[in-house]
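Take this structure, written in structure tokens, and hold onto it; I'll ask about it next.
Numbers here simply count residues along the sequence, with the first being 1.
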Amino acid sequence: SNLSILNINQINNIMICALLLFKLQLNLKKGIRKIQNFSSLKGRGNIVKKSKKITLIDDSYNSNPISLKNSLDFLSAYKNNSKKVAVIGDMLELGKFSKKKHGDIGKYINLINIDKVYTIGKESKKIFHQLDPSKRGFSYKNIKAFEKEFDKLMVANSIILFKSSNSVGLYKFLNNKIY
């Protein structure tokens, strides 16, 4: 079953769907069969094997503090001996809370099992500055700067999470680069 590789964001959505099927007295067995064949969409937690030794988690379509934290937890808990890398673009539309919310993510990453973090954009630079120096990869000004360095991140024995708000451009770039 594909359900064993879902992150908490996807699991919560599936649980809501199952609850609705039950409450609306629809065919729960048929719904469960459909759910068992679930596979992630591009940019929504899709896992892509770049090679036998490089795994990519494409969660680049959208980002907010809760979904980013959940995705980071998924990466941190991923069961293998690979180097765990997070590429994080700006979370947009946070208004006056942007600086604090980005900084909080950096502090949180210091507490979990992630080896390196790369950031894309002005807002996510606040994440980068909160990281322990050993976890800092690089902070890219924008998607264009990141695109030039992308291939350098494809290191054997790595699992790499990509997460950002859609308008950062990471989703569009990955859609062309990894699929």
Side-chain angles (χ1 to χ4, degrees), residues 5-13 40-48 54-80 82-155 157-175 177-178:
I5 59 169
L6 298 179
N7 68 39
I8 193 69
N9 299 322
Q10 296 161 325
I11 292 169
N12 286 339
N13 289 336
S40 297
L41 301 170
K42 292 178 185 177
R44 300 285 189 168
N46 192 33
I47 295 178
V48 177
I54 302 172
T55 301
L56 309 179
I57 304 171
D58 177 15
D59 205 4
S60 62
Y61 187 75
N62 200 6
S63 188
N64 63 61
I66 294 170
S67 70
L68 175 54
K69 195 172 181 184
N70 289 339
S71 296
L72 291 165
D73 286 342
F74 179 75
L75 175 63
S76 176
Y78 203 86
K79 301 278 189 246
N80 67 14
S82 296
K83 180 179 177 184
K84 296 176 180 180
V85 178
V87 177
I88 304 170
D90 291 348
M91 295 180 285
L92 302 175
E93 301 170 11
L94 296 177
K96 66 182 181 178
F97 302 105
S98 185
K99 184 176 183 177
K100 180 182 181 339
K101 294 293 184 182
H102 282 87
D104 288 348
I105 292 292
K107 292 174 189 173
Y108 182 71
I109 291 169
N110 290 330
L111 304 175
I112 60 176
N113 182 26
I114 292 180
D115 299 299
K116 285 287 181 207
V117 177
Y118 298 83
T119 62
I120 303 169
K122 184 177 83 173
E123 296 300 314
S124 64
K125 194 165 195 162
K126 288 149 185 98
I127 295 170
F128 190 81
H129 287 303
Q130 291 298 326
L131 294 171
D132 291 339
S134 65
K135 292 192 178 211
R136 291 180 186 163
F138 193 79
S139 184
Y140 299 97
K141 182 178 179 178
N142 54 40
I143 191 67
K144 294 288 183 205
F146 172 75
E147 287 173 4
K148 294 174 188 172
E149 303 289 317
F150 176 80
D151 289 332
K152 292 179 184 175
L153 293 179
M154 298 301 114
V155 176
N157 299 315
S158 295
I159 178 163
I160 308 167
L161 166 70
F162 298 92
K163 183 84 172 155
S164 74
S165 287
N166 188 27
S167 51
V168 168
L170 187 56
Y171 171 75
K172 184 178 178 183
F173 169 71
L174 291 177
N175 205 23
K177 188 75 174 176
I178 68 173

In terms of the angle between their ring planes, are Tyr118 and Tyr140 parallel, tilted or perpendicular, with boundaries placed at 30° and 60°? parallel

At what distance, to the nearest 0.5 angstrom, does CD1 of Ile120 lie from CD1 of Ile143? 4.0 Å

Applying salt bridge (Lys or Arg N to Asp or Glu O under 4.0 Å), name anything that partners Lys177, two or more places apart in sequence or on another chain. Asp151

Taking the side chain as every heavy atom from C-beta outward, state whether Met154 and Ile160 have any atom pair closer than 4.5 Å. yes

So CG of Leu174 and OG of Ser60: to nearest 0.5 Å the spacing works out to 4.5 Å

Only one of Leu94, Ile88, Leu68 clears side-chain contact (heavy atoms from CB on, under 4.5 Å) with His102; which? Leu94

Nearest-0.5 Å distance, CG of residue Asn64 to OG of residue Ser165: 8.0 Å

For residues Ile105 and Pro65, report the shortest heavy-atom separation together with the two atoms involved. CD1-O, 4.0 Å

Write down the atom of Met91, the atom of Ser63, and the distance for their closest heavy-atom approach. CG-OG, 3.4 Å

Identify all side-chain donor-acceptor contacts of residues 125-133 below 3.5 Å with residues at least two apart in sequence or on another chain.
none

Report the residues that fulfil salt bridge (Lys or Arg N to Asp or Glu O under 4.0 Å) with Lys79, sequence neighbours left out, ordered by chain and then residue number. none

Calculate, to the nearest 0.5 Å, the distance between atoms CG and CG belonging to Asn175 and Leu170 respectively. 11.0 Å

Under the 3.5 angstrom rule, does the side chain of Asp90 hit a backbone N or O of Ser124 as a donor-acceptor pair? yes

Would you mind telling me which of Ile112, Ile159, Val117, Leu72 makes a side-chain contact (heavy atoms from CB on, under 4.5 Å) with Lys84? Ile159

In terms of heavy-atom contacts, Lys141 and Ala145 come closest through N-CB, 4.4 Å

Rounding to 0.5 Å, atoms OG (Ser167) and CD (Glu93) come to a distance of 7.0 Å

Just so I know, are the side chains of Tyr108 and Ile114 near enough to count as touching, which here means a heavy-atom distance under 4.5 Å? no

Pairing of Lys69 and Asp73 as salt bridge, 4.0 angstrom limit: no

If you measure from OG on Ser134 to CG on Asn110, what distance do you get to the nearest 0.5 Å? 7.5 Å

